[in-house]
Visitor: 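My questions will all concern the structure given below.
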Amino acid sequence: MCGIAAIVSHQAVNQELYDALTVLQHRGQDAAGIVTCEGARLHLRKDNGLTRDVFNNAQMLKLKGNMGIAHVRYPTAGCTSSAEAQPFYVNSPFGLTLAHNGNLTNTEELKTALFVEDQRHINTDSDSEVLLNVFAHELHILGKLDLSVEDIFEAVRGVHRRCRGAYAVVIMIAGVGILGFRDPHGIRPIVFGERKSEEGSEFMIASESVALDVLGFDLIRDIEPGEAIFIEASGVLHTEQCSEIVDHCPCIFEYVYFARPDSIIDDISVYKARLRMGDKLAAKVIREWPDYDIDVVIPIPDTSRTAALQMANKLGVKFSEGFMKNRYIGRTFIMPGQKMREKSVRQKLNAIDLEFNGKNVLLVDDSVVRGTTSAQIIQMARDAGAKKVYFASAAPPVRYPNVYGIDMPAANELIAHDRTEEEVCEAIGADRLIYQDLEDLIEAVRKGNPSIEHFDTSCFSKEYITGDIDDAYLEKTEALRNDNAQAERNSAKSIIEMI
């Protein structure tokens, strides 16, 4: 999962792009980058690390210009190389830079075609660089020296014809303007907004509406699946549907875990969706466990707090904050390596003993992925004196990898894969485990926008909307994503760097 932002303004955009990245930092903590355009000249700074660590005052001053794009990343295949930090750049044609959130599912096929047919060189393992070169080639074959808006949209049509998978994209064309577009399924989120100034309209594109809110832009709407918008450097906005076939299927995990609760995605309030998840989960407890003996509901910070509060209200049980979070430790879901994840749990959470001692506690989390965090937190609750520890997940069992831009691990590293709910309960050490039903999760999210007919629920259901994912693809993905493979790649890269 990554965060993207783009601004076309009548003033310098370096500080506002930096601020946008800090707001979107929850979407990726591995690398950050900003590229700005001054006239026809591009200024780029990117590196591994948090936004605050990648940029200093001297570097920010060099990012001159009134339009630019920005990116925060976490890797979808365990790579931590700074070479794969975004934005990416190609000089031909025109000078293009790209920031991408998502994952292409036909990357290898595209790489071959780019090399053999298009004669373009790919320098990293990133599918985002592939996507940029596909767009660059589609612009190149038009053979135009002076680009029209229709030329740009035609190049996007070419991307839709060739690329499969999930992609929310911003591309800056040096001296010309900024383009934003979304795959025909609209799997990953992307919105745009407008701000009025004395000089005229200014526009911003971002992964989540909260970034627009913070910078004073009024949300216009989401970019529709298959749609492209182009903002000229002068501040003129153009929109066009660039895909012949559209099947809106946004990722439901955005609402469960990734997006900030104060964001609105596809006209659905993330906060309201999580409240409804709590309603549904409480109703399941009442239905299946009417004589529950829960003394207190405690959320596992931070994503589950909204659902947990609603559960407590519906169950008529006390709600308490039982864990304090150190906000300077990265999300364990994103961290590479099992030992690193296990170590970080104790570093980032500390139990308040008074809230656990002698009580039957219901812990609520947004989901259970590897089970590493869940097992340790349950043990922390017992160490703090809890009599019984029950566990509730606002999401159904995560049994399959996500291939559309979320770095869910290999299937054999998912605790619910090939396990019953009772076996998962035993594995994490809970006295009782309550999972959200998939139908209830879909209903909780869809209620915010009934026009969305279905969601990407592949990590729960193994139903992949792009239709090109089979067991062979998943096996190949597993070989790239499991912890051992990532460790071997990192070791190999270290050796290469030493040479």
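Throughout, numbering of the chain's residues begins at 1 and tracks the sequence.
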Visitor: State whether a side-chain donor-acceptor pair under 3.5 Å links E84 with T124.
Guide: no

Visitor: With a 4.5 Å cut-off on side-chain heavy atoms, are D183 and P225 touching?
Guide: no

Visitor: Would you mind reporting whether E202 and F217 have side-chain heavy atoms less than 4.5 Å apart?
Guide: yes

Visitor: Indicate yes or no: does E254 engage R27 in a salt bridge with an N to O separation below 4.0 Å.
Guide: yes

Visitor: If every non-hydrogen atom of T303 is compared with every non-hydrogen atom of V256, which pair is closest and at what distance?
Guide: CG2-O, 3.5 Å

Visitor: Within the 3.5 Å criterion, strictly below it, is a donor on E129 or H100 matched to an acceptor on the partner's side chain?
Guide: no

Visitor: Can you see which heavy atom on P261 is nearest to which on R274, and at what distance?
Guide: CD-NH1, 3.7 Å

Visitor: Does R41 CZ have over 12 foreign heavy atoms under 6.0 Å away?
Guide: no

Visitor: Do F192 and L212 have side chains that get closer than 4.5 Å, going by heavy atoms?
Guide: no

Visitor: Sub-3.5 Å donor-acceptor pair from the side chain of S9 to the main-chain atoms of Q11, do we have one?
Guide: yes

Visitor: Does some side-chain heavy atom of P250 sit less than 4.5 Å from a side-chain heavy atom of D456?
Guide: no

Visitor: Measure the shortest side-chain to side-chain distance between M1 and N101 over non-hydrogen atoms and say whether it is less than 4.5 angstrom.
Guide: yes

Visitor: Any donor and acceptor pair, going by atom type alone, linking the side chain of D118 with main-chain N or O of R120 inside 3.5 Å?
Guide: no

Visitor: Determine whether more than 12 heavy atoms belonging to other residues, nucleotides or ligands lie under 6.0 Å from atom CZ of F94.
Guide: yes

Visitor: Heavy-atom count around Q241 CD within 6.0 Å, excluding the residue itself: above 12?
Guide: yes

Visitor: Short question: side chain of S269, backbone of K272 - any donor-acceptor pair under 3.5 Å?
Guide: yes

Visitor: If the threshold is 4.0 Å, N to carboxylate O, is there a salt bridge linking R260 and D262?
Guide: yes

Visitor: Would you compute the distance between atom CD1 of I171 and atom CG of L98 and round it to the nearest 0.5 angstrom?
Guide: 4.5 Å

Visitor: Against S209, only a single residue in D222, V270, L219, V214 fulfils side-chain contact (heavy atoms from CB on, under 4.5 Å); can you say which?
Guide: L219

Visitor: What pair of heavy atoms forms the shortest contact from F203 to I231, and how long is it?
Guide: CB-CD1, 3.5 Å

Visitor: Evaluate E208 against H26 for side-chain hydrogen bond (donor to acceptor under 3.5 Å, both in side chains), listing each step before the verdict.
Guide: CA-CA 11 Å; E208 295 184 33; H26 61 284; 2.8 Å; yes

Visitor: Kindly say whether I4 contributes a backbone atom to a donor-acceptor pair with the side chain of S207 at under 3.5 angstrom?
Guide: yes

Visitor: In sequence, state the C-alpha distance, the side-chain angles, and the governing distance for L21 and I34, and then conclude on side-chain contact (heavy atoms from CB on, under 4.5 Å).
Guide: CA-CA 9 Å; L21 292 188; I34 295 174; 3.9 Å; yes

Visitor: Are the side chains of V364 and I298 in contact, using a 4.5 Å heavy-atom criterion?
Guide: no

Visitor: What's the separation between atom CG in L132 and atom CZ in F88, rounded to the nearest 0.5 Å?
Guide: 8.5 Å

Visitor: Strictly below 4.0 Å, N to O, side chains only: are E154 and R161 in salt-bridge contact?
Guide: yes

Visitor: Could you check E463 against S458 for side-chain hydrogen bond (donor to acceptor under 3.5 Å, both in side chains), going step by step and ending with a plain yes or no?
Guide: CA-CA 5 Å; E463 295 175 2; S458 53; over 6 Å; no

Visitor: So do S393 and D365 actually touch side chain to side chain, heavy atoms under 4.5 Å?
Guide: no

Visitor: So does D151 get a backbone contact from the side chain of S148, meaning a donor-acceptor N/O pair under 3.5 Å?
Guide: yes

Visitor: Can a side-chain donor-acceptor contact be found between D19 and T22 if the only test is distance below 3.5 angstrom?
Guide: no

Visitor: Which heavy atom of S92 sits nearest a heavy atom of A136, and at what distance?
Guide: O-CB, 3.7 Å

Visitor: Enter the distance from Y400:OH to C459:SG here, rounded to the nearest 0.5 Å.
Guide: 11.0 Å

Visitor: With K111, which of N133, D127, D125 fulfils side-chain contact (heavy atoms from CB on, under 4.5 Å)?
Guide: D125

Visitor: Do P184 and I245 have side chains that approach each other closer than 4.5 Å (heavy atoms only, starting at C-beta)?
Guide: no

Visitor: Should E439 and R446 count as an ion pair when the cut-off is N to O under 4.0 Å?
Guide: no

Visitor: Hey, could you give me the CG/CZ distance between D47 and R45, rounded to the nearest 0.5 Å?
Guide: 5.0 Å

Visitor: Between I205 and I223, does the side-chain contact (heavy atoms from CB on, under 4.5 Å) criterion hold? Intermediate values first, please.
Guide: CA-CA 9 Å; I205 306 170; I223 296 178; 4.3 Å; yes

Visitor: Which pair of non-hydrogen atoms, one from S367 and one from F253, has the smallest distance, and what is that distance?
Guide: OG-CZ, 3.6 Å

Visitor: Looking at Q310, is its backbone amide N or carbonyl O close enough to the side chain of N313 to form a donor-acceptor pair, meaning the two atoms are under 3.5 Å apart?
Guide: no

Visitor: Any side-chain donor-acceptor pair under 3.5 Å between H454 and D247?
Guide: yes

Visitor: Under the 3.5 angstrom rule, does the side chain of S263 hit a backbone N or O of A259 as a donor-acceptor pair?
Guide: no

Visitor: Which residue, H160, R182, R188, forms the side chain to side chain donor-acceptor pair (under 3.5 Å) with Y167?
Guide: H160

Visitor: Side chains of D468 and T105: is there a donor and an acceptor less than 3.5 Å apart?
Guide: yes

Visitor: Roughly how far, to the nearest 0.5 Å, is the CG atom of L24 from the NE2 atom of H71?
Guide: 10.5 Å

Visitor: For S201, run the side chain to side chain donor-acceptor pair (under 3.5 Å) check against K196, R195, H10 and tell me which one passes.
Guide: K196

Visitor: Heavy-atom count check: over 12 atoms from other residues, nucleotides or ligands less than 6.0 Å from H140 NE2?
Guide: no

Visitor: Can M172 and Y89 be said to form a side-chain contact (heavy atoms from CB on, under 4.5 Å), step by step?
Guide: CA-CA 10 Å; M172 184 163 62; Y89 165 74; over 6 Å; no

Visitor: Using the six-membered ring wherever Trp is involved, compare the ring planes of F258 and Y74 and label them parallel, tilted or perpendicular (cut-offs 30° and 60°).
Guide: parallel

Visitor: Any donor and acceptor pair, going by atom type alone, linking the side chain of K447 with main-chain N or O of A273 inside 3.5 Å?
Guide: no

Visitor: Verify the distance criterion only: is there a donor paired with an acceptor across the side chains of H43 and E38 at less than 3.5 Å?
Guide: yes

Visitor: To the nearest 0.5 Å, tell me how far R164 CZ sits from T107 OG1.
Guide: 10.0 Å

Visitor: Is the side chain of K348 donor-acceptor paired with the backbone N or O of N326 at a distance under 3.5 Å, no angle test?
Guide: no

Visitor: Side chain of N106, backbone of R162: donor and acceptor closer than 3.5 Å?
Guide: yes

Visitor: Provide the closest heavy-atom pair for A206 versus A211 in the form atom of the first, atom of the second, distance.
Guide: CB-CB, 3.9 Å

Visitor: Verify side-chain contact (heavy atoms from CB on, under 4.5 Å) between I452 and D267, making sure each step is shown before the conclusion.
Guide: CA-CA 10 Å; I452 299 176; D267 291 329; over 6 Å; no

Visitor: Answer yes when E244 and R157 have at least one side-chain N-carboxylate O distance shorter than 4.0 Å, and no when they do not.
Guide: no

Visitor: Using a strict threshold of under 4.0 Å (side-chain N to carboxylate O), is an ion pair present between D279 and R276?
Guide: no

